[in-house]
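A short write-up of the structure that comes next.
Below, chain A is the first sequence line, B the second, and so on; all start at residue 1.
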There are 2 protein chains.
Amino acid sequence: MRIKNSKSEKLIFGPAVAVDVLIFDVNNGKLNALLIRISKGPYKNKWALPGGLVRTDETLDEAAKRVLWEKAGIRGIYLEQLYSFGEVKRDVRGRIISISYFALVDSAKFQPRTTEYYSDIRWKEAKKLPPMAFDHGKIIAFGIERLRNKIEYTNIAYALLPKEFTLTEMQKIYEIILGKKLDKRNFRKKLKMLNILEPEKKMRHGLKSRPAELYRFRKRSLVFTK
Amino acid sequence: MRIKNSKSEKLIFGPAVAVDVLIFDVNNGKLNALLIRISKGPYKNKWALPGGLVRTDETLDEAAKRVLWEKAGIRGIYLEQLYSFGEVKRDVRGRIISISYFALVDSAKFQPRTTEYYSDIRWKEAKKLPPMAFDHGKIIAFGIERLRNKIEYTNIAYALLPKEFTLTEMQKIYEIILGKKLDKRNFRKKLKMLNILEPEKKMRHGLKSRPAELYRFRKRSLVFTK
DNA sequence: CCAAAAGTGTTTCCAATACACCCATGC
DNA sequence: GCATGGGTGTATTGGAAACACTTTTGG
């Protein structure tokens with residue numbers, strides 16, 4: 001890539017910059033990533049993260065938000081920067097640096113829809129990925145690790161849950177992300193100690209078992225608990 | 001910035017990419033960052049991190065290593081990616097995205113020297129910075145936080161210490177980074193449990209007090225201890 | 001013999017873990 | 001009345017924190 005500084009009009013060389021957004025949800029007992037299928041070019045039929053080039057007049061965070069909205073039809077969800085990938089040959093079509101982002105969404109709140117950009121966009125299980133384009137498999141592995149760590153020392157699970165939920169629903173989220181069963185009594189004791197939830201005065205009825213009390217997060221924004 | 005794709009020869013617009021390297025040492029009881037003074041332009045007389053544009057034929061890590069060597073005269077030290085900063089106006093001269101890196105060096109091993117790039121380069125206390133150019137103050141704050149966290153769950157202190165050191169020297173590093181006094185017995189008990197050190201069969205003599213046993217890290221590469 | 005830093009164990013507290021039974025509802 | 005998931009308490013263990021004195025050397 002050649003870069004031309006618009007003020008000095010002096011040509012310099014350098015890489016281009018894209019953002020790629022890794023969107024997770026938890027659904028059907030699985031951790032899933034939202035992927036698009038590439039329909040042409042050297043990566044035809046491979047899967048990839050939604051992404052796009054960063055514009056001159058937007059910040060990295062804004063670019064990520066824009067990609068999330070324009071290319072996946074989602075907004076208003078949890079989003080943080082993940083890592084920047086800059087292998088020279090990561091995209092065979094040219095030198096592009098990827099600033100990756102990491103987003104979480106409540107599975108009930110969002111059904112993937114195609115956009116004008118991508119005709120095939122769907123949830124894929126994050127731990128059983130189809131053939132991926134670029135280094136996007138690596139980005140997803142990185143994101144899984146980030147999530148696994150962060151759920152242990154923050155309230156970030158709020159971003160995967162609806163406003164109201166039962167403790168068992170919350171525990172399932174933890175079990176899926178951590179990849180192991182947790183003890184129900186210890187899980188609840190810990191939550192009580194952390195004091196990040198408050199009970200609604202409502203129950204979830206309608207299932208074929210005892211109704212469960214509903215809770216909500218005191219703060220639906222990132223809080224560190226250690 | 002305008003970017004021209006060298007294959008398609010189609011002009012597109014986009015930001016330029018730089019790496020900035022935050023180098024820490026601990027010396028004289030302080031955590032210090034290696035800074036350069038800018039001698040001309042709109043940031044004249046402000047201080048900044050050593051940095052440079054990323055070339056088309058090098059990875060981000062390679063660019064960081066090159067900057068470290070060419071601009072600060074250091075190589076072979078601990079280096080990891082920190083965060084990417086992309087505010088639109090972070091550099092008033094043009095749109096430049098900064099991929100920041102984080103490096104640690106043993107203070108005894110390296111004395112700053114000027115290079116052909118920077119005539120004034122020196123250690124400044126990281127918690128009492130002079131007026132900084134760009135958003136480099138923010139990068140340093142981010143790096144301090146990273147170090148403070150990482151020293152608690154890794155053996156990263158090895159990168160700030162020489163091959164051989166006493167337990168008291170190591171404890172001082174922890175105290176400076178964490179910003180608080182630690183209990184000598186508890187510190188040593190914890191180290192014994194973690195089993196990341198091994199005793200040399202040597203003592204440090206020559207001081208005006210009882211000689212101290214020398215230790216070294218079992219592995220001088222990053223190990224997670226939790 | 002005095003100053004200076006090295007070295008060393010025990011007790012207390014609290015959070016993490018392990019573990020099993022009764023309860024409320026739908027069918 | 002039975003299947004299903006909801007809800008609850010106690011005992012054990014292990015790491016974190018608090019805490020003070022003796023040892024070895026140089027001067």
How are the rings of A:Phe24 and A:Phe102 set to each other: parallel, tilted or perpendicular (split at 30° and 60°)? perpendicular
Between B:Phe85 and B:Tyr83, how do the two ring planes meet: parallel, tilted or perpendicular, split at 30° and 60°? perpendicular
Carboxylate-amine/guanidinium proximity below 4.0 Å for B:Arg204 and B:Glu169: yes
Starting at CE of A:Met170 and ending at P of D:dG7, how long is that distance when rounded to a whole Å? 14 Å
Using heavy-atom distances to pick each residue's nearest nucleotide on DNA chain D, tell me which of B:Arg210 and A:Leu207 is more 5'. A:Leu207
Near DNA chain C, counting only heavy atoms under 4.0 Å, which residues of residues 181-200 of chain B show up? B:Lys184, B:Arg185, B:Arg188, B:Lys189
Lys/Arg N to Asp/Glu carboxylate O, B:Glu164 vs B:Arg216, below 4.0 Å: no
Should the pair B:Tyr78 and B:Tyr158 be assigned to parallel (<30°), tilted (30 to 60°) or perpendicular (>60°) ring geometry? perpendicular
For the pair made of NZ in B:Lys208 and C1' in D:dT23, what is the distance, rounded to whole Å? 19 Å
With a 4.0 Å cut-off on heavy atoms, is A:Leu167 in touch with a base, just the backbone sugar-phosphate, or nothing at all? nothing
5' to 3' contact window, DNA chain C with chain B (heavy-atom distance under 4.0 Å): C:dA4 to C:dT10
Examine D:dG6: is either OP1 or OP2 under 4.0 Å from a nitrogen or oxygen in the side chain of A:Thr168? Give yes or no. yes
Taking everything shown except B:Lys172 itself, do over 12 heavy atoms lie less than 6.0 Å from its NZ? no
Looking at B:Glu145 and B:Arg148, is there a salt bridge between them, counting it only when a charged N and a carboxylate O are closer than 4.0 Å? yes
Rounding to an integer number of Å, can you tell me how far B:Met203 CE sits from D:dG26 C1'? 15 Å
Taking the six-membered ring for Trp and the single ring otherwise, decide whether the centroids of A:Phe165 and A:Tyr215 are under 6.0 Å apart. no
